[in-house]
Structure formats: C-alpha cells, structure tokens
Amino acid sequence: MRFAKNFYFSKNIINKTLALNLLSRHLYPAGLFVVTISEKEDELLTIYSAKEFNKPHMIKNDSFLVVGVARTKLSAEKLCTEIVSDCYKEDPALDLKKFFGFNEEEDR
C-alpha cells in the first residue's frame, strides 16, 4: 500500500493523521473506506472497505495506490467524484498516477 502525495480525505474524517497512521501501520479498522487508483484499465478508482485489507491475499500488498480515505461508502463515492473532477481540471487525459505523483519507475 502506497500513499499519494496530495491525499484526499472526506469531510467526515476528523483526525486525518490518525487515519493515515493506522493505514500505514497495516491496521484496518471497520468503518473506514479506502479509495485507490484502480488496477483495471476500464476503471479510474476503486473503493475498498478498510477491513478488506485484513484478508490474507491483501495483507501488505504494495500494489495498492491509495489516494483517499472516507468514513462511509457514500462519502467515498463523493470523494471519487471530487478526485476525478480535480484531476480533469488539471489534466483532461485523466492520468491519475501523474496527478497523485506516483512515479512510473516506482510502479515496476
């Protein structure tokens, strides 16, 4: 799990530092939703419940590019809309990896 340089938080995340610290220490509390750049070519973003990362096949998987966190599924969906809108304003090609500062060389 790698984190974006310009990270997004939903409005209902009160303690942003705590949320990031938990995730970076591989602690995934119920009630948090994580927004990642999708690994699928036909999707831009993927929303996961943080507790999904407790599953064996996802533990300490560094392929996830985390760009946002929210408290509810609905707020995560709104966050996705905000992210795509901001990215489109800066780059109509919607290159999310570039927008969030993920280096292509690091991804290999």
Side-chain angles (χ1 to χ4, degrees):
M1 183 178 287
R2 293 185 296 143
F3 297 93
K5 293 174 183 162
N6 52 336
F7 202 80
Y8 279 70
F9 294 93
S10 66
K11 292 177 175 65
N12 55 6
I13 296 289
I14 296 168
N15 192 334
K16 296 173 182 176
T17 305
L18 176 62
L20 277 181
N21 283 340
L22 288 172
L23 294 173
S24 66
R25 292 189 348 236
H26 306 289
L27 299 172
Y28 310 110
L32 275 185
F33 288 84
V34 177
V35 178
T36 67
I37 294 177
S38 182
E39 295 176 328
K40 298 177 184 176
E41 288 186 25
D42 60 339
E43 294 178 351
L44 293 173
L45 299 167
T46 305
I47 299 170
Y48 293 99
S49 171
K51 64 184 179 180
E52 290 288 313
F53 290 96
N54 286 320
K55 293 183 178 178
H57 68 284
M58 294 181 82
I59 292 176
K60 297 184 182 181
N61 184 342
D62 284 342
S63 69
F64 292 101
L65 306 176
V66 181
V67 297
V69 66
R71 290 284 301 153
T72 66
K73 176 85 171 188
L74 180 60
S75 62
E77 291 169 354
K78 289 179 181 179
L79 195 61
C80 288
T81 303
E82 181 182 342
I83 290 168
V84 171
S85 176
D86 289 351
C87 180
Y88 183 76
K89 288 176 190 172
E90 187 174 305
D91 177 17
L94 287 174
D95 185 346
L96 289 170
K97 287 184 179 182
K98 180 181 173 187
F99 178 73
F100 283 105
F102 291 111
N103 186 342
E104 289 297 322
E105 293 299 316
E106 293 173 1
D107 293 340
R108 293 180 188 165

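All figures in this text were calculated on a predicted structure; none of them were measured in a lab.
Separating the CD atom in E82 from the OG atom in S75 is a distance of 11.0 Å, to the nearest 0.5 Å. Here the OG atom belonging to S85 is positioned 12.0 Å from the CD atom belonging to E90, to the nearest 0.5 angstrom. Taken to the nearest 0.5 Å, the OH atom of Y48 stands 10.5 Å off from the NZ atom of K73. Here I37 contributes atom CD1 and K97 contributes atom NZ; the two are 7.0 Å apart, rounded to the nearest 0.5 Å.
Clustering ILVMFWY residues whenever any of their side-chain heavy atoms sit less than 4.5 angstrom apart, transitively, puts L45 in the very cluster that holds Y88. Under the 4.5 Å side-chain heavy-atom criterion for ILVMFWY residues, no single connected hydrophobic cluster contains both M1 and L27. Placement of F99 and L94 within a single hydrophobic cluster is found when ILVMFWY residues are connected by side-chain heavy-atom separations under 4.5 Å, directly or transitively. Both L44 and V35 belong to a single network of hydrophobic side chains, linked directly or stepwise wherever heavy atoms of I, L, V, M, F, W or Y lie under 4.5 Å apart. Linking ILVMFWY residues whenever their side-chain heavy atoms come closer than 4.5 Å, directly or via other members, leaves L22 and L65 in distinct clusters.
Partner L96 forms a side-chain contact (heavy atoms from CB on, under 4.5 Å) with one of V67, T36, I83 and no other, that one being I83. Looking at N15, L79, L20 one by one, the single match for side-chain contact (heavy atoms from CB on, under 4.5 Å) with F9 turns out to be L20.
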For this session: Walk me through it: do L32 and R71 pass the test side-chain contact (heavy atoms from CB on, under 4.5 Å)?
Result: CA-CA 5 Å; L32 275 185; R71 290 284 301 153; 4.0 Å; yes
Exercise. When you look at V34 and F64, which way does the side-chain contact (heavy atoms from CB on, under 4.5 Å) test go after all the steps?
Worked result: CA-CA 10 Å; V34 177; F64 292 101; over 6 Å; no
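In this structure, F100 and F102 have tilted ring planes: the angle between them lies in the 30° to 60° band. Using a 30° and 60° split on the angle between ring planes, Y28 and F53 fall in the tilted class, from 30° to 60°.
For the residue pair I13 and A70, the shortest heavy atom distance occurs at CD1-C, 3.8 Å.
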